Amino acid sequence: MTFNNSSNKVRVIGFIVSDIKNLSAYAIEFLIAVPRKAKKGDVFTVYVNEESTISFARNHLRKGSVIVVKGELRTFKDNNVKICSSDITISSQNK
């Protein structure tokens, strides 16, 4: 499923702070931290359920990787807000 709702798109650059958690054979999630200069950084949960993106994440992403996540914000039934993404790239920036 491609996440492309234009009303709540987000683009976040940060680094992975958790291991990739397998929710099922078709979904994963992990935490990404966005550093801020004046405050402690924000941490977001990233949810992925597209096969090619899951494969990319399992093969290339590790704790500490700097990545760019594009997707949309969604509120789940348990009131958790997650970034649902089908577009993840490794950033060339060094943080």
Side-chain angles (χ1 to χ4, degrees):
M1 171 195 304
T2 302
F3 298 108
N4 59 7
N5 184 345
S6 62
S7 65
N8 59 358
K9 280 188 176 182
V10 294
R11 181 176 180 267
V12 177
I13 300 172
F15 57 94
I16 299 174
V17 295
S18 71
D19 293 323
I20 294 175
K21 179 180 172 186
N22 292 311
L23 301 177
S24 71
Y26 307 104
I28 62 170
E29 71 180 21
F30 55 89
L31 299 176
I32 182 172
V34 179
R36 301 214 178 198
K37 291 182 181 179
K39 300 179 182 179
K40 188 176 180 183
D42 294 324
V43 178
F44 300 97
T45 301
V46 178
Y47 174 84
V48 180
N49 72 346
E50 186 176 272
E51 185 178 349
S52 62
T53 308
I54 291 172
S55 177
F56 172 79
R58 287 181 179 153
N59 292 329
H60 300 289
L61 301 182
R62 303 286 177 260
K63 206 184 247 190
S65 298
V66 178
I67 61 172
V68 178
V69 176
K70 295 177 188 172
E72 61 184 55
L73 288 177
R74 285 199 179 171
T75 303
F76 285 75
K77 289 181 182 178
D78 57 1
N79 289 327
N80 285 329
V81 177
K82 298 178 183 180
I83 299 172
C84 296
S85 177
S86 56
D87 186 3
I88 299 173
T89 56
I90 297 174
S91 176
S92 61
Q93 297 177 4
N94 291 328
K95 300 243 177 203

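Remember, predicted model here, so these are calculated numbers, not experimental data.
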side-chain hydrogen bond (donor to acceptor under 3.5 Å, both in side chains) contacts in which one or both residues fall within residues 10-28, not counting sequence neighbours: Asn22-Arg58

If you take all heavy atoms of Val34 and Phe44, which pair is closest and at what distance? CG2-CE1, 3.8 Å

State, yes or no, whether a side-chain contact exists between Val48 and Phe56 at a heavy-atom distance under 4.5 Å. no

Interatomic distance, Ile28 atom CD1 to Ile54 atom CD1 [nearest 0.5 angstrom]: 5.5 Å

Which heavy atom of Ile20 sits nearest to which heavy atom of Ala57, and what is that distance? CD1-O, 3.3 Å

Measuring from atom SG of Cys84 to atom CD of Glu29, what distance do you get when rounded to the nearest 0.5 angstrom? 9.5 Å

Side chain to side chain contact (heavy atoms under 4.5 Å, CB included) test vs Ile67 passes for just one of Leu61, Val12, Thr89, Ile13, namely Leu61

Can you check whether Asp87's main-chain N or O pairs, donor with acceptor, with Thr53's side chain at less than 3.5 Å? no

Any donor-acceptor pair under 3.5 Å from Thr45 side chain to Lys82 backbone: no

Begin from the C-alpha positions of Leu73 and Ile83 and carry the test side chain to side chain contact (heavy atoms under 4.5 Å, CB included) through to its verdict. CA-CA 5 Å; Leu73 288 177; Ile83 299 172; 3.8 Å; yes

List for me each residue that meets side-chain contact (heavy atoms from CB on, under 4.5 Å) alongside Asp78, sequence neighbours excluded, and say none if there are none. Phe76, Asn80

With sequence neighbours left out, the residues meeting side-chain hydrogen bond (donor to acceptor under 3.5 Å, both in side chains) with Ser52 are Glu50

